[in-house]
Amino acid sequence: PWLSACLLADWDELETPDKWRVNFRSITLSLFQNDLFTQPFPEGTSRIWITTYLDTDMRIVRAGPTEAEAKRMYGGDAARSDVQNYSVFVMTRERESLQRKVIGGIVKAPKIGLLDVLADPARFMDDDD
């Protein structure tokens with residue numbers, strides 16, 4: 001894609017395997033596979049994610065603030081942080097041709113340089129001859 005965002009986070013499994021606390025670290029915006037900027041999240045930024053559907057190609061989660069985040073965001077108004085007010089996210093697995101390499105837990109698009117082409121020019125030729 002010409003525009004992408006890479007979210008860096010870790011998670012803690014909670015009471016059940018379908019519920020986790022996701023701790024956000026940073027988000028990087030890229031244009032044509034070149035990083036434009038990285039914005040770190042404030043320390044302690046986390047959300048509760050609850051899986052509501054899962055198969056081999058799709059995951060649907062509801063996401064909302066943790067109790068600590070709800071107090072910070074809503075001044076302790078528990079009704080506003082109720083699970084029914086969570087956001088819904090639908091995530092699908094990328095086609096194999098679009099998958100990126102994972103390096104040290106961070107997703108990075110593969111970059112091809114001049115040395116790659118010079119080292120194996122046949123790899124970059126469309127011709128079957």
Side-chain angles (χ1 to χ4, degrees):
W2 63 273
L3 179 65
S4 63
C6 180
L7 181 64
L8 182 61
D10 56 58
W11 67 91
D12 303 305
E13 195 170 294
L14 298 177
E15 304 87 42
T16 61
D18 64 338
K19 187 175 182 180
W20 343 289
R21 178 182 31 253
V22 179
N23 308 301
F24 297 102
R25 304 300 178 207
S26 66
I27 188 164
T28 301
L29 188 63
S30 301
L31 183 65
F32 297 109
Q33 297 182 356
N34 294 302
D35 294 350
L36 298 175
F37 68 89
T38 298
Q39 177 67 47
F41 285 97
E43 185 66 32
T45 300
S46 58
R47 297 289 183 272
I48 300 297
W49 284 16
I50 302 170
T51 302
T52 56
Y53 177 81
L54 177 66
D55 69 16
T56 57
D57 295 318
M58 181 185 299
R59 176 187 305 265
I60 300 174
V61 299
R62 288 181 295 160
T66 62
E67 191 174 318
E69 280 284 296
K71 286 179 184 174
R72 184 182 64 78
M73 291 167 37
Y74 307 125
D77 184 356
R80 293 187 66 192
S81 64
D82 185 84
V83 71
Q84 299 305 317
N85 295 323
Y86 280 24
S87 300
V88 174
F89 294 94
V90 177
M91 296 171 264
T92 57
R93 187 176 305 275
E94 289 184 339
R95 292 187 317 262
E96 191 172 318
S97 62
L98 295 177
Q99 288 181 353
R100 295 167 181 83
K101 292 183 180 177
V102 176
I103 302 171
I106 300 173
V107 176
K108 287 283 186 186
K111 295 194 177 188
I112 298 170
L114 178 60
L115 293 177
D116 298 308
V117 176
L118 293 174
D120 187 7
R123 183 175 142 212
F124 301 96
M125 294 180 183
D126 292 333
D127 226 282
D128 287 335
D129 302 354

Tell me whether [X] shares a hydrophobic cluster with [Y], the cluster being built from Ile, Leu, Val, Met, Phe, Trp, Tyr side chains joined at under 4.5 Å.
X	Y	answer
Trp11	Trp49	yes
Phe37	Leu3	yes
Leu8	Val22	no
Val61	Tyr53	no
Met91	Val88	no

Please list, chain by chain and in numerical order, all residues satisfying side chain to side chain donor-acceptor pair (under 3.5 Å) with [X], sequence neighbours excluded.
X	answer
Ser30	Asp35
Ser26	none
Glu15	Lys19
Thr16	Asp18

Asn23 to Ser46 - nearest heavy-atom pair and separation: OD1-CB, 3.4 Å

Closest approach of Thr38 to Pro40 (non-hydrogen atoms, all atoms of both residues): O-CD, 3.6 Å

Under the side-chain contact (heavy atoms from CB on, under 4.5 Å) test, residues paired with Leu7 that sit two or more places apart: Phe24, Ile27, Phe41

Non-hydrogen side-chain atoms of Trp2 and Leu31 separated by less than 4.5 Å: yes

Gap separating the CZ atom of Arg47 from the CZ atom of Arg21, nearest 0.5 angstrom: 12.5 Å

Heavy-atom donor-acceptor pair, Thr52 side chain to Ile60 backbone, under 3.5 Å: yes

Within residues 50-60 or reaching into it, pairs that qualify as salt bridge (charged side-chain N to carboxylate O under 4.0 Å, His left out) - sequence neighbours excluded: none

More than 12 heavy atoms from other groups under 6.0 Å of CD on Glu13: yes

Result of checking Ile50, Thr51, Ile48 against Arg62 for side chain to side chain contact (heavy atoms under 4.5 Å, CB included): Ile50

